[in-house]
Amino acid sequence: MIHSLFLINCSGDIFLEKHWKSVVSQSVCDYFFEAQEKAIDVENVPPVISTPLHYLISIYRDKIFFVSVIQTEVPPLFVIEFLHRVADTFQDYFGECSETAIKDNVVIVYELLEEMLDNGFPLATESNILKELIKPPTILRSVVNSITGSSNVGDTLPTGQLSNIPWRRAGVKYTNNEAYFDVIEEIDAIIDKSGSTVFAEIQGVIDSCIKLSGMPDLSLSFMNPRLLDDVSFHPCIRFKRWESERVLSFIPPDGNFRLISYRVSSQNLVAIPVYVKHLISFKENSSSGRFDVTIGPKQNMGKTVEGVVMTVHMPKAVLNMNLTATQGSYTFDPVTKVLAWDVGKITPQKLPNLKGIVNLQSGAPKPEENPSLNIQFKIQQLAISGLKVNRLDMYGEKYKPFKGVKYITKAGKFQVRT
Amino acid sequence: MTDSKYFTTTKKGEIFELKAELNSDKKEKKKEAVKKVIASMTVGKDVSALFPDVVNCMQTDNLELKKLVYLYLMNYAKSQPDMAIMAVNTFVKDCEDPNPLIRALAVRTMGCIRVDKITEYLCEPLRKCLKDEDPYVRKTAAVCVAKLHDINAQLVEDQGFLDTLKDLISDSNPMVVANAVAALSEIAESHPSSNLLDLNPQSINKLLTALNECTEWGQIFILDCLANYMPKDDREAQSICERVTPRLSHANSAVVLSAVKVLMKFMEMLSKDLDYYGTLLKKLAPPLVTLLSAEPELQYVALRNINLIVQKRPEILKHEMKVFFVKYNDPIYVKLEKLDIMIRLASQANIAQVLAELKEYATEVDVDFVRKAVRAIGRCAIKVEQSAERCVSTLLDLIQTKVNYVVQEAIVVIKDIFRKYPNKYESVIATLCENLDSLDEPEARAAMIWIVGEYAERIDNADELLESFLEGFHDESTQVQLQLLTAIVKLFLKKPTETQELVQQVLSLATQDSDNPDLRDRGYIYWRLLSTDPVAAKEVVLAEKPLISEETDLIEPTLLDELICYIGTLASVYHKPPSAFVEGSRGVVHKSLPPRTGSSESAESPDAAPSAGQAAEQPAVIPAQGDLLGDLLNLDLGPPVSGPPLAASSVQMGAVDLLGGGLDSLLRSDVGGSPAMGGSGFTAPGPAAPAAMGAPLGSGLGDLFDLTGGVGTLSGSYVAPKTVWLPAMKAKGLEISGTFSRQVGSICMDLVLTNKALQVMSDFAIQFNRNSFGLAPAAPLQVHAPLAPNQSVEISLPLNTVGSVMKMDPLNNLQVAVKNNIDVFYFSTLYPLHILFVEDGKMERQMFLATWKDIPNENEAQFQIKDCSLNADAVSSKLQGSNIFTIAKRNVEGQDMLYQSLKLTNGIWVLAELRIQPSNPSFTLSLKCRAPEVSQYVYQAYDAILKN
């Protein structure tokens, strides 16, 4: 099981360590640093590293490496999932998962880690249970605490800890009872040079914000549940009901949580809401090239495509770029060679275009690789898969909740090859 | 007001100041001080000097302060064991606290203090907490047992905590069950011998119930535990699969992968004809694909596992090629894995897409990835024949880019394509030759030289090309030098006239100027060949080469099967069994896939469809396994002990060859009375009918087991007292004593297994080496419960004689291997021949006379049986009990002459004349047999029977 955890920042400082069994020396991280050096890019550090006595399983999140030390055979996915859960918890408690936030709250962090893992076995990872055990820091509370001398640590056993629904605590009370569902779909796609789709799929999630008193029992049904053939559920969902009736039936956790995530597989046709016309060329034996990109709407179901941003990793030989944008603004970072163009909204009448000259290092050979264009966009009030919520019913409680559903489509890993 | 203030130091010295604050009267100040101490601890600063001061803060009502002190204690108790004792009282008191949170906290913290003195005090509170009314405390206590075991295993065993832990598996609360399973699994890992997780259908059922209700982490523990279970038949396997499949939709990827492991393993037992098998295959694909949309670290682990799954069951993901397409901003470790899987999934149907992608990748930035992509194109060409042409043209396109490393990589793979498809794509050689100068990597140069040499007759200036390489011969790497030598010799054999000088040059370079022994030797061999017999040289050097195999990088099937059992673990990431890399593992249990069951399951090769007749004859066992079974050394790869009866029948699969082997001489001189024992008509027994085991034997052995046949059943034959076969000293504490018996037609090996070791023994299995009479176990060794120390168990192992035959010396020698969870042990024993005397060994009088005369006199052997005071009748009846039948009795000159016959299981008749003189305690035994080798052993049997 998980033996120890080290938190390491990008400059290679170990700024927190926690041991659940015996103490493992910091020097074990040297193997990690070695791998980090070899990988050059921080993203490329292999997640599983073996050392003579231990295994290091790491994740990289928010510019922090979470490096766990393992001594026996353990499912690596279990460790990785847990580490992500730790990062999520920090995010949840401190609003951000950063070195400063962790250092500022080091005692709470330590208490949390102790509460989450016992002897390497996960103990309490549900945010609502943790919050009952250790209260998140707020300015008000720290003021009150310093006056009254009370503490952040709850002294009773969390109610959810052992029930069959560990995700919900008893005795929840709200004056306004609300249930909101956000259907968020991301399009992952690879578009080839000629504009045809090599691969496209939709990764969807339904994120919920439920503020309902008591023990509400909800069922959420869809107009077209058939779309959901590959789904991962929050543990609260009753699998049998879904299998038999295609209805999501559940007693929800309190607050924000991810109800389901789903994938509309690549077998189905995925509508691609934008197209990109591009011309990027480098002349042989000259230190310049041309760059001309136009983005336009396509299959967007009559909705506006907004929040459009294009990023391109230009080849190393590119020194600078002299471009003109008909809309939005662009930046080029000559160190990382990243071109970013913040387009904003696409208006079909006047398509945004970015055009100009690329300056290359003189004498360098013509770059071989073709940079890929990474596109981000957002479409409000549309689930691109066509998924639609039919109705939400509540049982078990008498009051009438306020209900709402929001749809949004975004670009996920949306790449256009040139 | 943030915690970062705790990191500030003052000039006076931090420790000094903290000490003062810890001893302050103000509660608030104390707490702040402890927080400062903890903060220092988190960054690895040594604050152990404050131990007594911090421990003094422990007696408090403030839970936060208490927790902080506990945190400190866990870190430093080890370095200050004497001081840590001070804390014990508070712990013991807290374990009695009315608040379950505090009870659990105390027992949890105590378990983390790795100090022997403390652990002694822990036992009592722990015992109470294991039976606490609050499940939260019980579940914490369960983990505490694992902690304690890690510190002092003996103590845990002595205190009986393991049994309590086992009881918790039946706890009413699923969280407690999950933690108990987790703790037991961890303990079992360090003690592979202890049969801690004794899985049986009842406990499996409990686990499956808990699975639905416990937390995600608990589900992982339970699923991993389930994967170790061996269902008894396909129906049970299916019902477990049905209850596990809902886990595939879990949001936690580790749960999903553990579920996949269980399904992949139990699927092995399901018949492919079942509808359910197909449904299951379909259900497996989506969750695996979903894993690929998670964070890159998860993707990596998932891809490593998918790589295994795709090799084992390519049908699962064959339509999902596109999800493995590489995105340019994937981390490199993900890219390389995706590429590997793409090639494994490449088929005629999707090759066009794959090639287009690979070509795209070949223009990326990352050099390693580009190289691998180019190599992948070559592998596609070799794997999918129809695509070879396309691949070659893609490679040519890439060569035209003139990017140095792309060109080199392309040339290396084109060489392989030439090997696979000779005389097909040689037209491209000209293009390759253009790039000769740009090659600077040894592998590429060697590949190019190989091509030039191999196709020297088509390249006009081959000699010039090779000559140009020869100039810098000494600077080349060995690989290139060797290749150059061979290529020039090939060239010479093809164009002898123009290249004589060149070959002389290279041979002298290789033999005289090089100090590399490989090169020198190869040079001499060529030289000798060329100078003695050029024709032979041509035949040797230019011989037709075998085609290279399709996929050289597939994981070997037995290893793959083992790795499938380790899906989701580190082993699956490294593609090595844990035994190969887990350091400090105190012994690793090999896992193997369950043998396939199912009614009419035929040979297991997925696509081969054997004829119905063949299928019916073959017992349902994985063929590879059957082959291994004959081999004693591979005992641990054999079927599981608790396996279905068919596992036993597989033991006899090798028994077909009764006529062959070392017994030839015995059988050649067989009596006429025993009809042809044709090996040809022999079939292995069907799996379902162990009782009828003998039936399919040749007719000579036909009624071996036919109890109703003419012979009346007599009281059981003589059984020798048990002797120690395997002393405990030689077998790590396992003592085996035993004897052989024959009762109503069946042979038994009566064994007493005694555990004289300190640990529990389990997983027994037995196997015989080939022996003279084909003795083999007719059923697996059934030891139902694990054998506790100082316990012994008596087992009667039924034997049959349809095993493999090999003549042993002495003839009745039997080599046995016994396996348990600790090791495999070997011993040999001599069995008394009379256990092989069959019940229908009574010969007709006429037949007896004829046979007696027929057997030549040199086959007669005479023995003396001394000190026997029985009279003729008593002798006769005693011998009859052991299937030695008296056919006639004569009284000649005061001596009793008994004429007797007996038949061995393999059909050999032995005729005997026993002369008994009333006054003389010595009998004279004359034996006549066509296989005189057995006489001596028959005599020994006589002697043993009569004297007991």
Side-chain angles (χ1 to χ4, degrees), chain A residues 15-17 22-23 26 43-44 46-48 52-53 55 59 72-73 75-78 80-81 84 103-107 110-111 114 118-119 121-122 142 149 151-153 155-157 161-162 164 166 190 198-199 203 229-235 239 261 263 266 368-370 372 413 415 417, chain B residues 1-4 27-28 35 38-39 42 44 62-64 67 71 100-101 108 114 135-136 143 146-147 173 175 182 189 213 215-217 220 246 249-254 257 286 290 293 295 297-298 300-301 322-323 325 327-328 331-333 360 363-365 403 568-570 573 578 582-583:
Chain A
F15 65 91
L16 188 113
E17 59 179 77
S22 49
V23 176
Q26 283 198 351
E43 278 94 3
N44 286 342
V48 184
L53 284 174
Y55 292 90
I59 62 163
T72 50
E73 173 68 273
L77 274 188
F78 159 88
I80 295 173
E81 278 278 357
H84 278 293
K103 277 187 173 165
D104 283 351
N105 296 289
V106 73
V107 176
Y110 220 66
E111 287 170 344
E114 183 59 28
D118 176 22
N119 194 37
F121 300 117
S142 61
S151 73
N152 283 334
V153 173
D155 53 6
T156 50
L157 198 60
Q161 179 77 288
L162 286 159
N164 285 344
I190 302 174
V198 176
F199 157 84
Q203 305 283 354
D229 58 346
D230 180 7
V231 205
S232 302
F233 295 126
H234 187 277
F239 190 73
S261 53
R263 188 175 62 92
S266 42
E368 284 309 325
E369 74 262 22
N370 308 317
S372 285
K413 291 173 183 156
Q415 306 185 345
R417 288 175 179 162
Chain B
M1 286 277 282
T2 67
D3 290 354
S4 50
K27 259 190 185 173
E28 201 47 35
K35 281 193 178 177
I38 299 290
T42 59
N62 186 316
L63 189 61
E64 185 177 21
K67 277 191 176 178
L71 280 177
L101 191 66
R108 186 169 122 206
R114 309 174 63 87
Y136 181 75
V143 174
K147 293 181 198 170
N173 186 295
M175 256 67 84
E189 202 173 304
E213 291 168 359
T215 65
E216 47 197 317
W217 314 109
I220 300 170
S249 304
H250 201 285
N252 185 322
S253 59
L257 203 56
T290 303
S293 54
E295 287 83 356
E297 299 92 1
L298 296 170
Y300 171 72
V301 177
K322 281 185 175 176
V323 299
F325 285 177
K327 303 194 175 81
Y328 84 90
I332 182 73
Y333 55 81
E360 194 70 42
T363 63
E364 282 226 21
V365 197
V403 178
T569 66
L570 282 170
V573 174
V582 175
E583 288 257 357

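Naming: A, B, ... by sequence-line order, numbering from 1 per chain. Just so it is clear, the model here is predicted, and its values are computed rather than measured.
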Part of [X] lying under 4.5 Å from any heavy atom of chain A:
| X | answer |
| --- | --- |
| B/Ile220 | side chain |
| B/Ile332 | both |
| B/Glu364 | backbone |
| B/Tyr328 | both |

Heavy-atom cut-off 4.5 Å, strictly under: side chain, backbone, both or neither for [X] against chain B?
| X | result |
| --- | --- |
| A/Leu16 | both |
| A/Gln415 | side chain |
| A/Gln26 | side chain |
| A/Ser261 | neither |
| A/Val23 | side chain |
| A/Phe239 | side chain |

- Task: Would you please test A/His84 and B/Glu297 for side-chain contact (heavy atoms from CB on, under 4.5 Å) and show each step?
- Result: CA-CA 10 Å; A/His84 278 293; B/Glu297 299 92 1; 3.3 Å; yes
- Find the one option among A/Asp118, A/Ile80, A/Ile190, A/Val231 whose heavy-atom pairs under 4.5 Å with chain B are most numerous.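 Going by pairs under 4.5 Å, I would pick A/Asp118.
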- Tell me, out of A/Lys413, A/Glu114, A/Gln203, who's got the most heavy-atom pairs with chain B below 4.5 Å.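 With the most close heavy-atom pairs to chain B, the winner is A/Glu114.
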- salt bridge (Lys or Arg N to Asp or Glu O under 4.0 Å) involving A/Glu17 - partner list, sequence neighbours excluded: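 A/Glu17 satisfies salt bridge (Lys or Arg N to Asp or Glu O under 4.0 Å) with no other residue.
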Compare all side-chain heavy atoms of [X] with those of [Y] and state whether any distance is below 4.5 angstrom.
| X | Y | result |
| --- | --- | --- |
| B/Val143 | B/Lys147 | yes |
| A/Val107 | A/Glu111 | yes |
| A/Pro76 | A/Tyr55 | no |

- A/Phe233 side, atom CZ; B/His250 side, atom NE2 - distance, nearest 0.5 Å: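 Separation between the atoms: 11.5 Å.
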- Quick one: CD on B/Glu64 to NZ on B/Lys35, what's the gap to the nearest 0.5 Å?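 If I round to the nearest 0.5 Å, the distance is 4.5 Å.
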- From CA spacing to verdict: side-chain contact (heavy atoms from CB on, under 4.5 Å), A/Arg263, B/Val323: CA-CA 12 Å; A/Arg263 188 175 62 92; B/Val323 299; 4.3 Å; yes
- Decide if the gap between the ring center of B/Trp217 and the ring center of A/Phe121 is smaller than 6.0 angstrom.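 Aromatic pair excluded; centres sit 6.0 Å or further apart.
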- Query: Quick one: of B/Leu257, B/Val365, B/Ile38, B/Val573, who has the most non-hydrogen atom pairs under 4.5 Å with chain A?
  - Reply: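 Among the listed options, the one with the most contacts to chain A is B/Val365.
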